[in-house]
Q: 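Quick one: structure below, then a few questions.
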2 protein chains.
Amino acid sequence: MESSDLRKLGLKVTLPRIKILEILAASAVHLSAEDIYRQLLEHGEDIGLATVYRVLTQFEAASLVRRHHFEGGTAVFELNRGEHHDHIVCMDCGKVEEFLDCGIESRQLDVAKKLGFQVEEHNLILYGRCRRKNCPHRRTDS
Amino acid sequence: MESSDLRKLGLKVTLPRIKILEILAASAVHLSAEDIYRQLLEHGEDIGLATVYRVLTQFEAASLVRRHHFEGGTAVFELNRGEHHDHIVCMDCGKVEEFLDCGIESRQLDVAKKLGFQVEEHNLILYGRCRRKNCPHRRTDS
DNA sequence: TTTGCTGCAAATGCTTTGCATGTAG
DNA sequence: CTACATGCAAAGCATTTGCAGCAAA
């Protein structure tokens, strides 16, 4: 149960928060606020879009979820499962893969230090084309 | 004169486009559409904000300028001076520095290849704190 | 009971668009 | 002269906020 997680964050355990957490936990892909809202409606829940945004923002502040801005104005969210990773996005089908490269990570710190900065966080997104037979070569949109 | 640049792109050489190009060329820092609009007004030009956006979008499509999304919904623009670079942003004062690290660049290609992707472009932004005496520790906002 | 949460609708902020006019080529 | 550019105001879209009612602790 994630209820304990919520309580630890000083957040009341409410239906919207539990449901949103469940949806995020069940999803293999990154979801937008609208995506989550739509799923809630499909599940018969009567939860407002504003609440979805509010909850996601709180979860982000609590490091429970991560917010990403891929192409297009819409933000997407994923559950923070602990291990940091960066993303590569297929420009044809929209597929997102995660990766972690220690070399890149450590070089970032080096570069920053050389410039007199102390890195707090970073944002790395690779855009490319996945050369797979099943790549539809056009985004089907979730 | 940049007029020739414009003509080569199939764009008519108009006052708004020349002025916007000049402002971008003269600026050492990244400018938002509003920043540019404000400078145009200060220079006594009567150019609409919508035009600034339209021109910047055309310039971006023509690879004349680059658009970046740092923190906060506002996009910023810089003249494309040829050499690729990434950015590091000070979370305290908003200062932006540019850097290029061949190690990071090449490792990105490796990682992507390993995942079956062919990289077209990427977006790397480091967020940190510049440990300088003159860092105002709070954004003064252009 | 008290503080925090929710839904709704309205507001926001950045960016884009429709349209009538203006102007570069 | 014609196609493309512009200014203005209105629209669009993702996200946030105000407020009155609700519910967890």
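Letters A, B, ... are given to chains in the order of the sequence lines, protein chains preceding strands, and every chain is numbered from 1. It should be emphasised that the depicted structure is a prediction, and the values quoted were computed from it without experimental measurement.
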Q: Rounded to the nearest Å, what distance is computed from the CG atom of residue A:Leu31 to the P atom of nucleotide D:dT15?
A: 13 Å
Q: Roughly how far, to the nearest 0.5 Å, is the CG atom of A:Leu9 from the OG atom of A:Ser4?
A: 9.5 Å
Q: How many angstroms lie between atom CG of A:Leu109 and atom CD1 of A:Ile104, to the nearest 0.5 angstrom?
A: 12.5 Å
Q: Measure CD/A:Glu60 against C1'/D:dT15 and give the value in whole Å, please.
A: 13 Å
Q: What does the inter-axis angle of the helix from C:dT1-D:dA25 to C:dG25-D:dC1 come out as, five pairs per end, nearest 10 degrees?
A: 40°
Q: In Å and rounded to the nearest 0.5 Å, what is the CZ to CZ distance from B:Arg17 to B:Arg54?
A: 10.0 Å
Q: Drop me the distance from A:Ile36's CD1 to A:Leu49's CG, to the nearest 0.5 angstrom.
A: 10.0 Å
Q: Could you state the atom-to-atom distance from CD of B:Gln58 to P of D:dA5 in whole Å?
A: 6 Å
Q: Sugar-phosphate means primed atoms, P, OP1 and OP2; the rest is base. With that split, encode nucleotides 16-25 of chain D 5' to 3' as B, S or - using protein heavy atoms under 4.0 Å.
A: BBB-----BS
Q: Fit a plane to each ring of B:His68 and B:His87, take the angle between them on a 0 to 90° scale, and name the class: parallel (under 30°), tilted (30 to 60°) or perpendicular (over 60°).
A: perpendicular
Q: Between A:Asp35 and A:Arg38, is there a salt bridge with N-O shorter than 4.0 Å?
A: yes
Q: Drop me the distance from A:Phe77's CZ to A:Ser27's OG, to the nearest 0.5 angstrom.
A: 13.0 Å
Q: Once rounded to the nearest 0.5 Å, what's the spacing between atom OG1 of B:Thr51 and atom NZ of B:Lys19?
A: 15.5 Å
Q: Output the rounded distance in Å from CD (B:Glu45) to P (D:dT6).
A: 12 Å
Q: Could you state the atom-to-atom distance from CD1 of B:Ile18 to P of D:dT6 in whole Å?
A: 10 Å
Q: Starting from C1' on D:dT6, measure out to NZ on B:Lys19 and report it in whole angstrom.
A: 17 Å
Q: What's the CZ-P distance between A:Arg38 and D:dA14, to the nearest Å?
A: 11 Å
Q: Just how far, in rounded Å, is C1' of D:dC8 from CG of B:Asp46?
A: 11 Å
Q: With sequence neighbours excluded, what pairs up with A:His84 under the side chain to side chain contact (heavy atoms under 4.5 Å, CB included) test?
A: A:Asp86, A:Leu100, A:Glu105, A:His122
